[in-house]
**Student:** 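Right, I'll just put the structure down here and ask away after.
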Amino acid sequence: MIQHARVICTSFLVAALGLSAAAIAQKPFADVGKQPPITILIGSTPWYPAFEKVVGIYEQQTGNKIKLDVVPFGGILEKARNAVRSGQSPYDLMTLDTQWTIEFYDGGFLSPLKEIDAAFELPKEVLSYGDSGYWNAQKRWRTADGGKLMAYTVLGNVQLLYYRGDVLKQAGIAPPKTWDDVLAACAKLNEPPKMYGFVARGEKGNGIRYDWQSVMLAERASVAKDPAAGDYTVTINSPQAKAALDLYIDLLKRCGPPNYGSLGQGDVIQLLATGKAAMGDVVTAAFASFEDPNKSAVVGKLDTVALPRGRSGANGAVIGNWNAGIPKNASDPQKKAALSFLRWFVTYDAQHAFAENGGIPNRSDVFTSDLAKQPRFRWMPAYLETQKFAQQELGYAEGAQVEQVLGLRLNQALIGEMSSAKALNTAAREIEDIFRKSGRKTGTLPPLPE
Amino acid sequence: MNTSATALSLPRSATTTPATAVGGGWIGTTLLALAVAAVLGPFAWILTASFKYQIAIYSGEWPFTPTLSNYAEVLFGRRSDFVGNVVNSLIVASASTALVLVVGTLAAYSLQRFRWPVWVSAGFLGWTLVFHMIPVMTLIGPWYVAFRELGLYDTRIALILTHVTINLPMTVWLMRAFFRELPPEIEEAALVDGCRPLEAFRRVTLPLVIPGLIASGILAFIFSWNEFPVALSLTSRDLATVPVAIARFAQQYEIQHSQMAAASIVSTIPAVILMALGQRFIVRGLTLGAVK
Amino acid sequence: MRENSSLTLVLNRTFRHWSLLPAVALFVALTIYPVANLFRMSVSTIEFAQAGEAWTFTPLRNLALLRADEVVPAAVRNTLIFVVAAVAIEMVLGLALAIIVAGAARGKGLIRTVMILPILVPPVAIGSIWKLLYNYDFGIFNQTLAALHLPPVNWLGSTSLALWSVVIVDVWHWVPFVFLILFAAVEALPVDVLEAARVDGATRWQLLRRVMLPLLRPAIVVALLFRTILAFKVFDEVFLLTSGGPGTSTELVTLHLYKVFFDQNQLGYGSLLSLALIAAIVAFLLVGRQAVRLARP
Amino acid sequence: MAAVNIRNVGKQFDSVVVMRNIDLDVADGEFIVLVGASGCGKSTLLRMIAGLEPITSGEIAIGGRRVNELEPRERDVAMVFQTYALYPHLDVRENMSFSLRLRKRAPAEIDRLVEATATTLDLQPLLARLPRALSGGQRQRVAMGRAIVRHPQLFLFDEPLSNLDAKLRVAMRTEIRALHQRLHATSIYVTHDQVEAMTMADRMVVMNAGRIEQIGRPLDVYDHPATLYVAQFIGSPAINVWTGVVEASSEGASLRTDHGLRLALPASDVTAGTRLAAAFRPEHVVLDGVGPLEARVSVVEPLGPETYVYLDVGGTRVCARVDRTQTLAPGDPVRCDVAASAIHVFDASNGARLSTTS
């Protein structure tokens with residue numbers, strides 16, 4: 001009876017708030033009990049609206065309050081650092097880019113989830129995202145092997161190969177399976193300035209580092225030999241890495257616009273959205289905006305496949321996810337409340353709702369649900385396919401510094417300030433230096449002939 | 001907005017203005033027109049962008065079908081706190097401007113008029129400059145810690161105080177330059193005529209540096225209005241200011257240019273109005289104070 | 001009578017003291033600790049472990065990092081080019097506009113409002129919007145060039161041009177700052193002096209060179225001083241426009257500092273870098289002042 | 001109106017003593033002129049009286065009241081500045097009524113006083129103007145008006161005429177003097193112009209290097225300069241000065257000048273062998289063709305009523321005032337003489353007056 005009344009009551013509230021009719025009929029996704037209000041630090045991202053809606057459903061269903069402190073993307077890290085470095089944290093849950101989480105794991109700023117509640121387990125359907133939520137404090141490396149669960153993925157992004165279904169079809173080209181296919185296709189499609197064959201990020205910094213590493217993985221190259229085993233011998237100046245870099249430079253120069261050396265994510269999306277690019281290497285999260293007629297001239301025309309294989313025959317993709325963790329300096333009841341939300345959030349129902357509202361779910365079963373059949377979720381198969389080989393990169397404490405090195409040297413090779421061999425040799429030397437300073441077992445390959 | 005309202009300027013017919021003596025002529029007019037066009041060009045672009053859909057901005061479409069949806073989203077969107085952000089900014093910027101004008105002008109006057117030992121004046125001025133040179137990012141951590149300890153985190157007071165501090169160097173230096181050009185005899189005359197020192201300062205000195213006060217005031221207001229890193233770190237969502245809100249449109253994977261443009265336009269209007277009111281307030285307050 | 005008068009003397013003296021007191025109090029309260037902290041950090045290595053900070057005193061290590069940092073020379077070179085070019089252009093344009101606008105018969109207030117619009121736009125918006133204006137395929141500049149049947153320009157993607165594109169944005173953004181200060185100074189000029197000079201038969205150019213510029217000098221110095229410091233500290237726009245690329249062509253000291261201090265979380269070396277930046281600004285200002293002194297007959 | 005008594009006043013900037021032991025009594029209604037070269041301390045003394053400059057030692061009293069510790073506004077003095085220091089943002093009426101309004105006088109009374117003063121000074125048509133719309137002379141007048149309107153105990157003038165052109169300066173000189181005769185207000189007037197001092201002062205105070213050299217009525221000072229400095233400072237063209245050593249002879253003491261000339265000295269107790277400076281004014285040089293000194297005319301300056309002739313006397317230049325009827329041309333040889341009684345004798349080492357006669 002009471003249960004009934006609550007459902008009705010909730011229904012009215014939900015209806016009053018204008019939420020989708022689908023939500024009204026749903027029963028609570030999971031029972032987490034009464035919890036004190038919590039505050040979540042979250043960035044302003046394209047998937048934020050979906051998250052906000054799901055939080056709204058959580059509040060409806062549980063009556064627990066959540067305050068969302070939405071901060072600009074450029075301010076999240078700053079806010080998170082401030083929060084954990086002094087006094088009591090104003091946040092009880094913080095969503096952080098995977099690259100940033102390392103610093104928080106390593107500094108011991110997050111409470112391992114099992115220390116808050118020993119019984120907490122992630123459902124097995126939840127994708128692992130390269131163990132990015134685990135931290136092995138001895139190895140200073142993200143791995144479930146001997147690592148503690150510190151955080152888990154709120155949103156998992158991977159790069160996908162977007163292509164214009166209509167354009168490729170007309171040209172009689174099948175969706176590329178290898179990077180050589182991409183080169184071949186763009187040789188046919190490239191018709192600047194009307195149409196560029198393929199676009200990806202060449203911008204200095206995170207942009208080129210991230211996009212290039214997919215190709216690097218596809219050529220079976222690596223930055224460090226075997227971090228899992230503690231072997232940090234730098235392998236970035238291997239012949240395979242050089243092949244990957246040469247291929248990437250080739251792709252961007254031959255298929256992209258003349259400003260390939262400064263293309264960022266926004267530029268790549270802009271070129272695809274305006275119909276100026278036939279193919280592009282873009283994050284999954286951008287898909288929704290290509291389907292929004294206010295933002296895209298190619299609604300319904302872009303399809304996705306997993307990023308292509310390299311000449312080595314391997315696939316490569318880098319995971320770029322957002323992890324949520326609980327600050328060590330939050331109060332115990334708040335921590336429990338935050339964990340309760342997490343527990344609720346990873347249920348199938350919550351993830352289903354998250355996907356429906358435009359988020360990327362983190363459970364494999366949602367990808368095989370009814371949603372996958374809908375055209376607007378046509379990216380799901382490619383995404384799930386990518387999960388089989390996608391990897392976390394730079395998942396060690398020195399990651400941020402290594403990214404700086406790669407971000408500059410790769411860009412310099414791209415714009416011709418250095419040869420690719422010299423760029424990689426330089427990067428190898430610098431990265432080795434970083435590893436040595438932090439006391440890793442390291443070394444480097446013999447330099448590539450320049 | 002009009003300084004010719006200051007008692008300093010004269011009926012145009014009576015004398016030459018400083019610049020008719022030098023400027024003027026068709027060269028000046030042409031240069032001015034060019035400058036206004038150069039300033040307004042990008043601004044007009046922002047204005048039109050605010051009426052465009054993102055895709056129209058992306059593709060540089062012209063002509064375009066205008067839409068008010070960006071404004072609707074910014075002002076009334078369910079997830080938008082923009083009106084609140086503008087109010088926060090107005091409060092913080094006007095309070096910090098008023099404070100910095102009082103504190104900074106007094107300090108500038110004190111340093112310029114009274115004979116301080118060199119270590120005091122040079123020390124103070126040098127410190128303000130060096131402080132001004134420090135990249136703000138390195139200061140934020142300690143400020144965050146201090147204000148949190150004081151229980152002032154996420155209050156406007158913390159933000160106002162830091163903005164006053166950040167703007168103080170420029171205000172002091174700028175006002176000092178204006179005081180320097182004032183002959184001391186005028187104040188001495190006021191003292192002999194029967195003013196207390198503070199009275200002479202308010203009734204005679206200040207009205208004579210109105211142009212300087214207005215310039216300092218506008219600059220302090222704008223710097224406070226646009227200050228991002230401190231506002232971001234010392235406040236949370238409820239007290240966020242305009243630049244923090246606008247930065248939210250610069251997302252990880254895309255910049256929401258259309259809404260950013262609308263927000264920029266929306267935030268400019270109250271700022272301009274408030275600056276105009278502030279100027280009028282300064283002019284009126286000081287000239288009336290001198291006469292009454 | 002006697003007591004009364006000595007009291008007023010005290011009041012007079014207190015006016016002198018308390019007029020400076022609020023400013024000093026504010027600075028003591030809000031700057032001493034952060035600045036001391038900056039110095040302390042610059043000689044330390046700060047590591048985070050067990051949810052706490054571990055400070056070790058390593059001044060030589062930080063210095064060694066500075067010496068070995070390969071990005072620093074390029075950043076210093078770009079910063080100097082940027083500061084000199086941007087500030088010089090802004091000063092000249094700002095002064096010219098201040099004089100012209102002050103001479104306008106009417107609508108001065110309106111023109112001033114228009115002129116300050118660029119500094120009213122948050123830097124984050126300026127960076128994003130100019131990036132679109134510069135866009136190779138859709139930007140207004142290249143569209144205009146195309147309409148004139150000229151080839152497109154790779155504004156931000158060319159290593160030789162990117163820094164100058166950044167300078168243009170900075171000029172657009174900051175001329176209003178110089179204009180505003182100098183406009184106020186021109187408005188406060190004593191008219192009788194100018195009139196006297198005119199009567200004495202000075203040409204416009206002479207009037208400008210020999211009468212107005214010397215009178216405007218204090219304001220020019222302040223505008224130049226603060227514009228220079230702000231130019232050294234430029235960050236947001238460049239960060240959004242180019243992030244220092246392509247290559248190191250627009251790498252500036254502050255961008256590098258951001259990467260070190262913020263992205264890499266190297267607080268010790270980052271602090272040393274910011275102290276080095278301050279030292280560079282001070283040196284630049286002193287050299288500049290000396291140069292001006294020597295140049296003056 | 002009030003008397004001013006300055007007792008043993010000294011002034012120190014940091015550790016530098018710029019003025020010491022100044023004593024001066026100004027009688028009620030008197031017009032005193034402080035005169036001296038720039039930097040002699042006259043303006044500083046005036047500003048100390050006004051209260052704009054702290055007094056390091058001694059005492060200043062106005063109207064019998066010690067004012068050392070009083071603020072300027074409490075001393076009931078009015079001051080006219082060299083730059084006029086008009087309030088640029090106030091019109092003439094507001095400038096004039098400023099002090100009255102500060103003293104919260106009734107508006108009707110203020111109006112009456114301003115009108116009256118404006119009428120006196122011919123400022124009526126200018127009342128609504130801002131200072132920058134006024135000519136230099138008009139500004140000067142407004143500055144005067146601003147001082148007069150208050151009826152203060154004491155007027156202080158700090159070189160009020162030096163920014164005016166020569167013609168206006170002479171006119172204003174007379175006007176200020178006339179004004180004083182009407183108001184009988186105690187006035188202290190600072191100038192570096194000895195003509196102004198001579199023409200305006202009841203008594204003048206000649207200052208030099210932070211000291212008072214002489215106080216006296218203009219003609220007394222002119223006729224009996226207390227020091228060589230005063231003798232040289234007062235009088236135009238300047239007094240002629242010869243230095244030399246005293247020689248005694250049967251006819252009395254005479255001076256063997258550094259140029260080898262001989263000049264009879266007035267009878268006084270000068271001892272042979274001392275170094276002296278002998279000074280005599282141009283009007284005491286007699287060109288009679290029979291004098292003992294041989295000279296040659298080098299420059300002739302006819303001024304109208306009189307003519308100044310510059311002579312080359314044994315290698316030194318001497319100025320003589322002669323009647324306009326005397327026609328002389330450069331190059332003419334003449335003989336001249338100086339009446340011994342008209343010669344002022346000063347100690348060459350410290351400039352102190354030695355002669356007591358004439």
Side-chain angles (χ1 to χ4, degrees), chain B residues 1-3 15-16 18-24 28 31-32 35-36 39 43 45-46 58-60 103 106-107 109-110 114 130-135 137-139 142-143 164-165 168 170 173-174 177 180-181 197-198 211-212 214-215 218 222 226 243 246-247 250 255 257 260 264 268 271-272, chain C residues 12 15-16 19-20 22-23 26 30-31 33-34 37-38 96-97 99-100 102-103 108-109 113-115 117-125 128-129 132-133 138 140 143 180-181 184 186-189 191 194-195 198 204 207-208 212 218-219 222 226 229 233 254 257 261-262 271 274 278 281:
Chain B
M1 215 66 231
N2 194 344
T3 36
T15 29
T16 22
T20 43
V22 170
L31 274 175
L32 185 59
V36 169
V39 163
F43 214 80
W45 191 93
I46 300 176
Y58 271 178
S59 51
V103 174
L106 277 172
Y109 181 75
S110 188
F114 301 125
V130 168
F131 170 72
H132 193 69
M133 293 173 193
I134 298 176
M137 118 185 49
T138 59
L139 299 168
W143 274 339
V164 171
T165 311
L168 200 53
M170 197 167 52
W173 279 78
L174 197 53
R180 235 160 95 167
E181 292 302 284
L198 188 59
I214 287 175
I218 290 179
I222 288 174
N226 280 343
I246 286 184
I255 294 175
H257 287 102
M260 186 186 267
S264 299
T268 303
V272 167
Chain C
N12 192 1
F15 176 55
R16 172 181 123 142
S19 56
L20 195 57
L26 205 59
L30 284 175
T31 70
Y33 168 54
N37 195 55
L38 181 65
L97 285 174
I99 291 172
I100 293 169
K108 280 200 255 187
T113 311
V114 168
M115 296 303 299
L117 284 179
I119 22 177
L120 253 180
V121 183
V124 56
S128 322
I129 281 157
L132 280 182
L133 298 182
F138 312 104
I140 190 108
Q143 283 188 340
L180 198 59
I181 292 176
V186 173
E187 291 257 292
L189 279 181
V191 179
L194 296 180
E195 285 184 326
R198 275 184 101 186
R204 282 184 175 185
L207 195 59
L208 180 70
M212 282 179 84
V222 172
F226 281 85
I229 295 175
K233 284 170 67 179
T254 46
L257 171 64
F261 190 86
F262 191 76
S271 301
S274 54
I278 296 167
I281 303 176

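Each chain gets a letter, A, B and so on, in the order its sequence line appears, and its residues count up from 1.
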**Student:** Is any side-chain heavy atom of B:Trp143 closer than 4.5 Å to a side-chain heavy atom of C:Pro34?
**Tutor:** yes
**Student:** Could you tell me which portion of B:His257 (side chain, backbone, both or neither) has an atom closer than 4.5 angstrom to a non-hydrogen atom of chain C?
**Tutor:** side chain
**Student:** Out of curiosity, C:Ile119 CD1 to B:Ile218 CD1, how far, rounded to the nearest 0.5 Å?
**Tutor:** 8.0 Å
**Student:** If you take all heavy atoms of C:Lys233 and B:Met133, which pair is closest and at what distance?
**Tutor:** CD-O, 3.6 Å
**Student:** Do B:Pro135 and C:Phe261 touch side chain to side chain, with heavy atoms closer than 4.5 Å?
**Tutor:** no
**Student:** Is it the side chain or the backbone of B:Thr268 that comes within 4.5 Å of chain C heavy atoms, both, or neither?
**Tutor:** both
**Student:** In Å and rounded to the nearest 0.5 Å, what is the CG to CD1 distance from C:Leu133 to B:Ile46?
**Tutor:** 8.0 Å
**Student:** Does any backbone or side-chain atom of C:Ile181 lie under 4.5 Å from a heavy atom of chain B? Answer side chain, backbone, both or neither.
**Tutor:** both
**Student:** Looking at every non-hydrogen atom in both residues, tell me the closest pair between B:Pro142 and C:Asn37 and how far apart they are.
**Tutor:** CG-ND2, 3.4 Å
**Student:** Looking only at heavy atoms, what is the nearest atom pair of B:Pro211 and C:Ala188, with distance?
**Tutor:** CG-CB, 4.1 Å
**Student:** Below 4.5 Å, heavy atoms only, C-beta onward: do C:Phe226 and B:Leu174 meet side chain to side chain?
**Tutor:** no
**Student:** What are the two closest heavy atoms between C:Val124 and B:Pro243, and how far apart are they?
**Tutor:** CG1-O, 4.3 Å
**Student:** Side chain to side chain donor-acceptor pair (under 3.5 Å) with C:Ser271: which residues, sequence neighbours excluded?
**Tutor:** none
**Student:** Find the distance between CG (C:Leu20) and CG (B:Leu106) and round it off to the nearest 0.5 Å.
**Tutor:** 9.5 Å
**Student:** Who wins among B:Ser110, B:Ala271, B:Ala250 for the most heavy-atom pairs under 4.5 Å with chain C?
**Tutor:** B:Ser110
**Student:** Please classify the contact of B:Trp173 with chain C as side chain, backbone, both or neither, using a heavy-atom distance under 4.5 Å.
**Tutor:** both
**Student:** Below 4.5 Å, heavy-atom pairs only: which of C:Pro123, C:Ser128, C:Ala96, C:Pro118 has the largest tally toward chain B?
**Tutor:** C:Ser128
**Student:** Under a 4.5 Å heavy-atom cut-off, does chain C meet the side chain of B:Met260, its backbone, both or neither?
**Tutor:** side chain
**Student:** To the nearest 0.5 Å, tell me how far C:Leu30 CG sits from B:Phe131 CZ.
**Tutor:** 7.5 Å
**Student:** Taking all heavy atoms of C:Phe138 and all of B:Ser59, pick out the closest pair and write down the distance.
**Tutor:** CD2-CA, 3.6 Å
**Student:** Under the rule for side chain to side chain donor-acceptor pair (under 3.5 Å), what residues qualify as partners of C:Thr31, not counting sequence neighbours?
**Tutor:** B:Trp127
**Student:** B:Ser264 and C:Val121: which non-hydrogen atoms are nearest, and at how many Å?
**Tutor:** OG-CG1, 4.3 Å
**Student:** Find the distance between CG (C:Leu120) and CG (B:Asn226) and round it off to the nearest 0.5 Å.
**Tutor:** 6.5 Å
**Student:** Would you say that C:Thr113 contacts B:Val272 through its side chain, given a criterion of any heavy-atom pair below 4.5 Å between the two side chains?
**Tutor:** yes
**Student:** Heavy-atom pairs under 4.5 Å with chain B: which of C:Val114, C:Leu26, C:Leu117, C:Ile129 has the most?
**Tutor:** C:Leu117
**Student:** Of the listed residues (B:Ala247, B:Ala177, B:Ala35), which shares the most heavy-atom pairs with chain C below a 4.5 Å separation?
**Tutor:** B:Ala177
**Student:** Which atoms of B:Leu198 come close to chain C, meaning under 4.5 Å heavy atom to heavy atom: side chain ones, backbone ones, both, or neither?
**Tutor:** both
**Student:** OG1 of B:Thr138 to CD1 of C:Ile278: how many Å apart, nearest 0.5 Å?
**Tutor:** 7.0 Å
**Student:** Among B:Val103, B:Leu32, B:Ile134, which residue has the highest count of heavy-atom pairs closer than 4.5 Å to chain C?
**Tutor:** B:Ile134
**Student:** Tell me if a side-chain donor or acceptor on B:Glu181 pairs with a main-chain N or O of C:Leu189 at a distance below 3.5 Å.
**Tutor:** no
**Student:** Pair C:Leu38, B:Leu139 - check side-chain contact (heavy atoms from CB on, under 4.5 Å), show working.
**Tutor:** CA-CA 8 Å; C:Leu38 181 65; B:Leu139 299 168; 5.6 Å; no
